[in-house]
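Structure first, then comments.
In the text below, chain A, chain B and the rest are named by the order of the sequence lines, each starting its count at 1.
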Number of protein chains: 2
Amino acid sequence: MTEEVSPRKGDRTKAAILASARNAFHELGFDGASVRAIAAQANIDPAMVIRYFGSKQELFAAAVRIELRLPDLAQVPKSRRGRALVEHFLHRWEGEPNEDALIMLLRSAVSHEDAAQRLHTVFASQVVGALRPVVAASELKRRSALVASQMLGLALTRYVLRLPAVADLTRTDVIRDFSPTIQRYVAGPLPH
Amino acid sequence: MTEEVSPRKGDRTKAAILASARNAFHELGFDGASVRAIAAQANIDPAMVIRYFGSKQELFAAAVRIELRLPDLAQVPKSRRGRALVEHFLHRWEGEPNEDALIMLLRSAVSHEDAAQRLHTVFASQVVGALRPVVAASELKRRSALVASQMLGLALTRYVLRLPAVADLTRTDVIRDFSPTIQRYVAGPLPH
DNA sequence: TTGAAAAATCAACAAGTGTTGACATCAGCG
DNA sequence: CGCTGATGTCAACACTTGTTGATTTTTCAA
């Protein structure tokens, strides 16, 4: 009534399912989050989940659909690109809690082959995409590997494993401690 | 017959179960590896797995039992401790394939709470234990966090996700590229 | 060889999974 | 009103999971 464009009742519940699914996939991964649990948390019948999304796999694909917000490193002074990258990912991961798709993929990729493939793709677009404009083509793969290993290692230990030593760091700590490493991986000299 | 001390038939199959379980847990994680699949790969009845180990959980605990081979960094010149650490873990992880407990824990910790707790413990003994003799107590937690994030990030991207950019690196490449970072995390200056 | 313990087999259980189809309820429009 | 299509409910399916008990086969010493 109050809406202007067909406030279809179904759209609200569809959104509720999606929100519940994002939460569940975020903290339990694909296999750990059951359709029944997702439905229960949204106060909905499990059958509706299938009716609205077709299958659990398609629900996951919808929940994980990503907006690619790439940082434009070319517009950042060369000496601050490491810091910019760390801030970019930290902002993504701690923007709205229990929402980021990369963490969902990380939690799922271990056991779910499709999620692993999607993570490869996301990695390629996010990290390689960010670095391509600012590093030599001959070094792109190597520098991307280094950045990915450190940033995914940070995400893993901080958000998935929650090792106290890493999880207890403040945002400021993280930026201060990891920026120099990423800076070297992006723009520093590589050992020959 | 050819053995001297009670070559109990059961010990052989128990060992076979353990080997099969290590393999399965290593590539599928705790939830992904079913008791039936483990038994099938060892050509035995699923019931035997339970009879010999009590439960899947106890089998996992037995498969993941770890020999703590800590590197003694105090005996390594200060400037080479980063390299020594990288070589230590690389040797662990690529020693005998499909055997390392840390990878098994990494694959399982995502969905299995006990595995996550064990990983915290292993991390504490392996990383913190190696660093304690050679870093100031006031910096131990912070330096351990940095080393753990990079080394687990390497393990994650190389062995679990198998991102081509990281998995394609040779052992020599890995040592060359990651040692400087770990060296800085262990003995270099920390940003204030 | 005989007999007892160890090892292996088989079928079944209770619980949980994703998914489906038949049915009931409700909305809004003619 | 009555009708139609969208929403929601319920029970059941086929399957997989870890685990158990009864039963049979094998092993090995007396």
With heavy atoms under 4.0 Å as the rule, sort Tyr52(B) into base, sugar-phosphate or nothing.
sugar-phosphate

Between the side chains of Thr170(B) and Asp173(B), is a donor N or O closer than 3.5 angstrom to an acceptor N or O?
yes

Give a yes-or-no answer on whether the side chains of Tyr185(A) and Ser149(A) include a donor-acceptor pair shorter than 3.5 Å.
no

Tell whether Arg36(A) reaches the base of dG18(C) with its side chain through a donor-acceptor pair below 3.5 angstrom.
yes

In whole angstrom, what separates [X]'s [atom1] from [N]'s [atom2]?
X	N	atom1	atom2	answer
Phe53(B)	dT20(D)	CZ	P	16 Å
Phe30(A)	dG18(C)	CZ	C1'	9 Å
Ile17(A)	dG18(C)	CD1	C1'	15 Å
Met48(B)	dT9(C)	CE	C1'	9 Å
Lys14(B)	dA6(C)	NZ	P	14 Å
Arg12(B)	dA6(C)	CZ	C1'	17 Å
Asp45(B)	dG18(D)	CG	P	14 Å
Arg51(A)	dG8(D)	CZ	C1'	8 Å

Would you indicate which nucleotide in [options] comes nearest to any side-chain atom of [X]?
X	options	result
Ala47(B)	dG21(D), dT19(D), dG21(C)	dG21(D)
Val35(B)	dA7(C), dG18(D), dG8(D)	dG18(D)
Ile50(B)	dT9(D), dT19(C), dT20(D)	dT20(D)
Thr13(B)	dG21(D), dA8(C), dG8(D)	dA8(C)
Pro46(A)	dT9(C), dT19(C), dT19(D)	dT19(C)

Can you work out whether Gly54(A) or Gly32(A) has the more 5'-proximal nearest nucleotide on DNA chain C?
Gly32(A)

When you check the gap from the basic side-chain N to the acidic O, do Glu96(B) and Arg22(B) get nearer than 4.0 Å?
no

My understanding is that only one of His26(A), Arg107(A), Glu94(A) makes a side-chain contact (heavy atoms from CB on, under 4.5 Å) with Tyr159(A); could you say which?
Glu94(A)

Which atom of Arg158(A) lies closest to which atom of Arg171(A), heavy atoms considered:
NH2-N, 4.2 Å

